[in-house]
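Just below is one structure, and these are the notes that go with it.
Worth saying up front: this structure is predicted, and the values here are computed from it rather than measured.
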Amino acid sequence: NGDGTIAKVVCDGNEYVFEYDGVTRADQPASRKLLRIVSSYTYNDAVSHESVKSIGSGFQFDKNGFLISYTEEQIDSYSYNSNGQSSSSTEREIYKSSLNYNAKGRLLSNSVTCNWEDVTIENGVKETEKGSDKVTINYDYSGDVLTKVGGATSEGSYSWSFGYDSTSPSNYYNIFTPNLAVGVSIYSHILYILATQGYLGNASATLPSTMTSRSVDKDDDGEVEVETETYNFTYTMWDNTQKVKTVETWSNGIPYGVVRFNYSIYSE
């Protein structure tokens, strides 16, 4: 926007629209109060329709501009109709988050409560399930370097562990690369976007060379399923600077993707 606030972010073709109030605060003339972030997409084929929507609201920030609390609603609706058979489902989850930072402005914890409702209709028969859960996501550091993010619910646990070696570059410009943004946001696409824009505090002082995800799921019968996956990262830097040029991701020796960073030249 003309006043320097973010109008929208486009990530993987999905738009995140930022909505603000109409009043400019006197103490911060270059910013307005963020009211909502809205993201939605739809998918259709010959027999099915899916709509996914995320709405962030109630944003509160500390004096550094870092997010300390907000509410996120996620709605996933799906319908199917073919050969006389029809079904639909709507999953609605509401997350309330409270975030804390250390003295250096790095995330320490994110306490989340979630209320959810699943409604399914199968050939005219409606079923509704409701529930709630709580989790505290903790962020561990070695000095100023992020080493692990994780939390546990009644249904299991999940974590991201970050590894470093001699090829891990210094994060001189304090950016959240996509792998770091995934690690701090975990469950939320909106938090991912806010991390990339600098709203979730200061990033790890070093960029990781590996990231391992681990999830432990418990079903109603007490069976436990454990899944792990490790990603490797290689970096290139712009000549004679400490600015990241590319981040390439590998998983099991297979190229996973490349992120390229471009910078504008800014002068007063």
Side-chain angles (χ1 to χ4, degrees), residues 6 8-16 37 39 41 43 52 54 66-67 104-107 110 137-151 157-217 226-266:
I6 297 170
K8 69 178 180 180
V9 176
V10 180
C11 181
D12 289 335
N14 192 17
E15 287 190 356
Y16 296 79
I37 299 175
S39 172
Y41 75 87
Y43 171 80
V52 180
S54 297
F66 300 152
L67 181 69
K104 293 186 177 181
R106 292 185 170 88
L107 263 176
N110 181 6
I137 302 167
N138 295 302
Y139 302 80
D140 298 330
Y141 297 85
S142 176
D144 296 328
V145 177
L146 181 65
T147 57
K148 187 177 181 180
V149 179
S157 63
Y158 46 89
S159 66
W160 297 101
S161 298
F162 297 90
Y164 302 84
D165 57 27
S166 60
T167 67
S168 303
S170 170
N171 192 6
Y172 184 81
Y173 286 95
N174 192 29
I175 63 172
F176 273 98
T177 55
N179 41 65
L180 285 175
V182 165
V184 299
S185 59
I186 292 188
Y187 67 94
S188 166
H189 292 287
I190 285 180
L191 282 183
Y192 175 87
I193 294 300
L194 289 174
T196 64
Q197 305 305 306
Y199 286 102
L200 294 191
N202 293 316
S204 174
T206 304
L207 297 173
S209 295
T210 64
M211 179 175 71
T212 300
S213 65
R214 184 176 190 269
S215 64
V216 179
D217 293 319
V226 180
E227 293 185 2
T228 62
E229 186 165 6
T230 296
Y231 304 88
N232 299 86
F233 309 110
T234 56
Y235 301 85
T236 62
M237 315 297 281
W238 287 99
D239 292 342
N240 302 319
T241 74
Q242 291 178 288
K243 291 182 177 179
V244 177
K245 184 176 184 180
T246 65
V247 182
E248 187 168 4
T249 302
W250 301 76
S251 181
N252 296 320
I254 300 173
Y256 199 78
V258 179
V259 175
R260 294 175 175 84
F261 289 80
N262 294 296
Y263 303 85
S264 61
I265 298 175
Y266 175 79

Would the distance check show the side chain of S168 and the main-chain N or O of D165 forming a donor-acceptor pair, the cut-off being under 3.5 Å? yes
Note, L200 side chain near L107 side chain (heavy atom, < 4.5 Å): yes
Judged by atom type as modelled, is there a donor-acceptor pair below 3.5 Å linking the side chain of T210 to the main-chain atoms of G163? yes
Test N232 against T249 for side-chain contact (heavy atoms from CB on, under 4.5 Å), laying out the working first. CA-CA 6 Å; N232 299 86; T249 302; over 6 Å; no
Indicate yes or no for a side-chain donor-acceptor contact from N202 to the backbone of K104 under 3.5 Å, with no hydrogens or angles considered. yes
Less than 4.5 Å apart, any side-chain heavy atom of F162 and any of L180? yes
Report the C-alpha separation of T246 and T236 in whole Å, then their side-chain angles, then the decisive distance to 0.1 Å, and conclude whether the side chain to side chain donor-acceptor pair (under 3.5 Å) test is met. CA-CA 5 Å; T246 65; T236 62; 2.5 Å; yes
Taking the side chain as C-beta and beyond, is there a heavy-atom pair between V182 and F176 under 4.5 Å? no
side-chain contact (heavy atoms from CB on, under 4.5 Å) evaluation trace for V149 with N138: CA-CA 6 Å; V149 179; N138 295 302; over 6 Å; no
Output yes when a side-chain donor or acceptor of N252 lies under 3.5 Å from a complementary backbone atom of I254, and no otherwise. no
Scanning both residues in full, the closest heavy-atom pair of P169 with Y235 reads CD-CD1, 3.6 Å
Does the side chain of I186 come within less than 4.5 Å of W160's, by heavy atoms? yes
For the OG atom of S170 and the CG atom of L207, what is their distance to the nearest 0.5 Å? 7.5 Å
Are the side chains of R214 and V216 in contact, using a 4.5 Å heavy-atom criterion? yes
Would you say OH of Y172 has more than 12 non-hydrogen atoms from neighbouring residues, nucleotides or ligands within 6.0 angstrom? no
Worked check of side chain to side chain donor-acceptor pair (under 3.5 Å) between S209 and T167: CA-CA 7 Å; S209 295; T167 67; 3.3 Å; yes
Looking at side-chain heavy atoms only, is the closest gap between N179 and P208 below 4.5 Å? yes
For Y164, the ring pair (Phe, Tyr, Trp, His ring centres under 6.0 Å) test, sequence neighbours excluded, returns none
Between F261 and I175, is a side-chain contact (heavy atoms from CB on, under 4.5 Å) present by the stated rule, with each step listed? CA-CA 11 Å; F261 289 80; I175 63 172; 3.9 Å; yes
M237 vs K245 side-chain heavy atoms within contact, under 4.5 Å: no
Is there a donor-acceptor contact under 3.5 Å linking the side chains of E229 and T212? no
Please round to the nearest 0.5 Å and tell me the distance separating atom NZ of K148 and atom OG of S159. 5.0 Å
Taking the cut-offs as 6.0 angstrom to the six-membered ring centre and 45 degrees off its axis, would you call K243 and Y263 a cation-pi pair? yes
Tell me if a side-chain donor or acceptor on Y192 pairs with a main-chain N or O of G183 at a distance below 3.5 Å. no
Taking the ring of Y231 and the ring of Y256, is the distance between their centroids below 6.0 Å? yes
Side-chain heavy atoms of F233 within contact of M211, under 4.5 Å: yes
May I ask you to decide if A203's main-chain N or O and N174's side chain share a donor-acceptor pair within less than 3.5 Å? yes
Ignoring hydrogens, what is the shortest heavy-atom contact between H189 and Y16? Give both atom names and the distance. CB-OH, 3.3 Å
OG on S185 to CD1 on I193, rounded to 0.5 Å: 9.0 Å
Test log, rule side-chain contact (heavy atoms from CB on, under 4.5 Å), inputs L191 and N110: CA-CA 11 Å; L191 282 183; N110 181 6; 3.9 Å; yes
Which heavy atom of W238 sits nearest to which heavy atom of N262, and what is that distance? CZ2-OD1, 4.3 Å
Judged by atom type as modelled, is there a donor-acceptor pair below 3.5 Å linking the side chain of Y139 to the main-chain atoms of T147? no
Would a distance-only check, ignoring hydrogens and angles, find a side-chain to backbone donor-acceptor pair under 3.5 Å from N171 to S204? yes
